[in-house]
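Here is the structure we will look at, set down as C-alpha cells.
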Protein chains: 2
Amino acid sequence: MPRTPGQRAGLSHDAVLTAARTVFAERGLEGLSMRAVAKDLGVAPNALYSHVADKEALVDALLDDVLGALDPPDPDAEPLDGLRGVMLATFDLLGRHPDLVPLYLARQGARGTHAQVLGAAMTVLLARLGIDEDTSGRVVRALIVSTLGFAALATADDPALTPAHLRADLEATLDWLLLGAARV
Amino acid sequence: MPRTPGQRAGLSHDAVLTAARTVFAERGLEGLSMRAVAKDLGVAPNALYSHVADKEALVDALLDDVLGALDPPDPDAEPLDGLRGVMLATFDLLGRHPDLVPLYLARQGARGTHAQVLGAAMTVLLARLGIDEDTSGRVVRALIVSTLGFAALATADDPALTPAHLRADLEATLDWLLLGAARV
DNA sequence: TCGACGAATTGTACAGCGTCCAGTAAGCTG
DNA sequence: CAGCTTACTGGACGCTGTACAATTCGTCGA
C-alpha cells in the first residue's frame, strides 16, 4: 500500500525495532537492510530515519533487545552459581542467534538498558564474592569476553568442537576466572 | 596512467596484498575497498579479481599477513613462558592494529599459513605441559579467544581500562587457563 | 472553527560498494 | 607465424546507507 507523502503509517521506534527483528529472523544479518525493514513496514526506506538515528543505532537496539530474553541473576543466589548461570544462559542464547555473535564481539557486549541491568546484577554478585568495585568492572568484561569468544567458536561448525563441549569448556573457564579474581 | 585494454600492469597476489596493506595503513579498515586498492595500484577495480577471489579472501590474506610479524615460540622454551609469550605478543600486535581486532574475532583467529605455524608451535608446548592431543586444540582456541577478547577491550578507550592493566589481566587469565587445563 | 505549526512520510537522488560481463591486447608456446 | 592463455579494460548491474526538498497529516492555540 503506497502512501502519498505526509500520510502517517504510525511508525515508532518500537515498531521499527520489531520489524528489524522480523527481517533478521527471516533473512539473517545479511538480509537486514534499511530497505528490507522499511518494506516489511510498507514504508519508504527513509521513513525509518524519523525514528532511528542510524542503521548502527538500529542494530544496537536489536542487540539489546535480544538480550532481553535473559533473566538477570537473583542477587541472593550463591554468587558463583548466579554468575555461571547468566553467562551460560548467554552462551545458549547466542547459540540461537549465531549471526549476532560477531556484532556483540565487535561491541564487546552491548550498551543498552538490558545489558546494563545484567551488568549491575553481576556486579552485586561479584561484590558478595569479595571483589572490590574497582576490579569488578573488568571481571565482568573478562567473563563476557570469554562467553562471547566461546560462543563464536561454537558458531564455527567444526565437528570436533561441539557446542556441548565448548559449553563445558566455558564453564571451566568461568570458574577459573572467578576463583582467580576472588582470591587476589 | 590509464592503460589500454590488455596491457599488463604486472600485478600479482603479493602486489595486491601489499597494496591492501598500504591502503589499510593509510585509511583504516573503513577505507579498505577494492576500488581503493585498485587505485593504489593504478589499475581498474576488477583487475584485482585476476589475483584474488574475493574481498573476503583478500582480507583473510591481510589478516594472516599481519600475523607474520609474530615469532613462533621456541619449542624448547619453558612451556608456560613460551605460551604466555606468544599470546602477550599477539595482544601487543593487535594493540597496534585495533581495526583488525573485530575481524580476527569474527573469524576466531585466522586460518592462513602464519596462523597454522603459530598453532603448531603452541601445540608442541602444550604437549610438553602434559596436555593430550585431543584437548590441546581447544586449549589453543581458549587462549586465542581470551587474547582477542582482551585486545578488543583494549581498543575501547575507557580510561579506567588501560591497555597495560588489561595486559596484566590477560596474563593472569592465561595462567589460570593453562594451569587449569594442565591439571585435568 | 479556523489557521498555523511541527512531525511524519514521500519521491528522488547521490555516492559508494562488490562484482560480473564482454572485449582487447600482450605474452608464451608450438 | 598461429593460437591459446592470461591480464587488463570500460561499462554496467544491483545493491547499500542516507541526505534533500516537497507534501500532507494530526494537533493545538486563538
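Side-chain atoms are counted along with the backbone in the values below, which use heavy atoms only and exclude waters and symmetry mates. Sequence lines set the chain letters: A, B, ... in the order given, protein chains first and strands last, and positions in each chain run from 1.
We find that CG of B/L48 is positioned 13 Å from P of C/dC20, with the value rounded to whole Å. Taking atom NE2 of residue A/H13 and atom C1' of nucleotide C/dA8, one finds them 16 Å apart after rounding to whole Å.
Heavy atoms only, all atoms of each residue included: A/A142 and B/F150 are closest at CB-CZ, 3.8 Å. The minimum heavy-atom distance between A/A121 and A/P73, with the atom names listed, is CB-CD, 3.7 Å. Closest of all the heavy-atom pairs between A/A36 and A/R27 is CB-NH2, 3.2 Å. The minimum heavy-atom distance between A/A19 and A/V37, with the atom names listed, is CB-CG1, 3.9 Å.
If you check every strand for non-hydrogen atoms under 4.0 Å, B/A47 touches a base.
Scanning residues 23-39 of chain A for heavy-atom distances under 4.0 Å to DNA chain D yields A/S33, A/M34, A/R35. If you check residues 52-65 of chain A against DNA chain D, the residues with a heavy atom closer than 4.0 Å are A/D54, A/K55, listed by number.
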Using the side chain to side chain contact (heavy atoms under 4.5 Å, CB included) rule, take B/L83 and B/L129 through it: C-alpha gap first, then chi angles, then the decisive distance, then the call. CA-CA 10 Å; B/L83 289 163; B/L129 261 185; 4.1 Å; yes
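Remark: A/H165 NE2 is loosely packed, at most 12 non-hydrogen atoms of other residues, nucleotides or ligands lying under 6.0 Å away.
Comparing atom distances between the B/S50 side chain and each of D/dA7, D/dT18, C/dG18 picks out D/dA7 as nearest. When distances run from any side-chain atom of A/N46 to the nucleotides D/dA19, D/dT18, D/dG10, the shortest one goes to D/dA19.
By the salt bridge (Lys or Arg N to Asp or Glu O under 4.0 Å) test, B/D81 pairs with B/R84, sequence neighbours left out.
Distances shown here put every side-chain N or O of B/H51 at or beyond 4.0 Å from the OP1 or OP2 atom of D/dT6.
Contact annotation: the side chain of A/I144 never approaches that of A/T147 to less than 4.5 Å [non-hydrogen atoms, C-beta and beyond].
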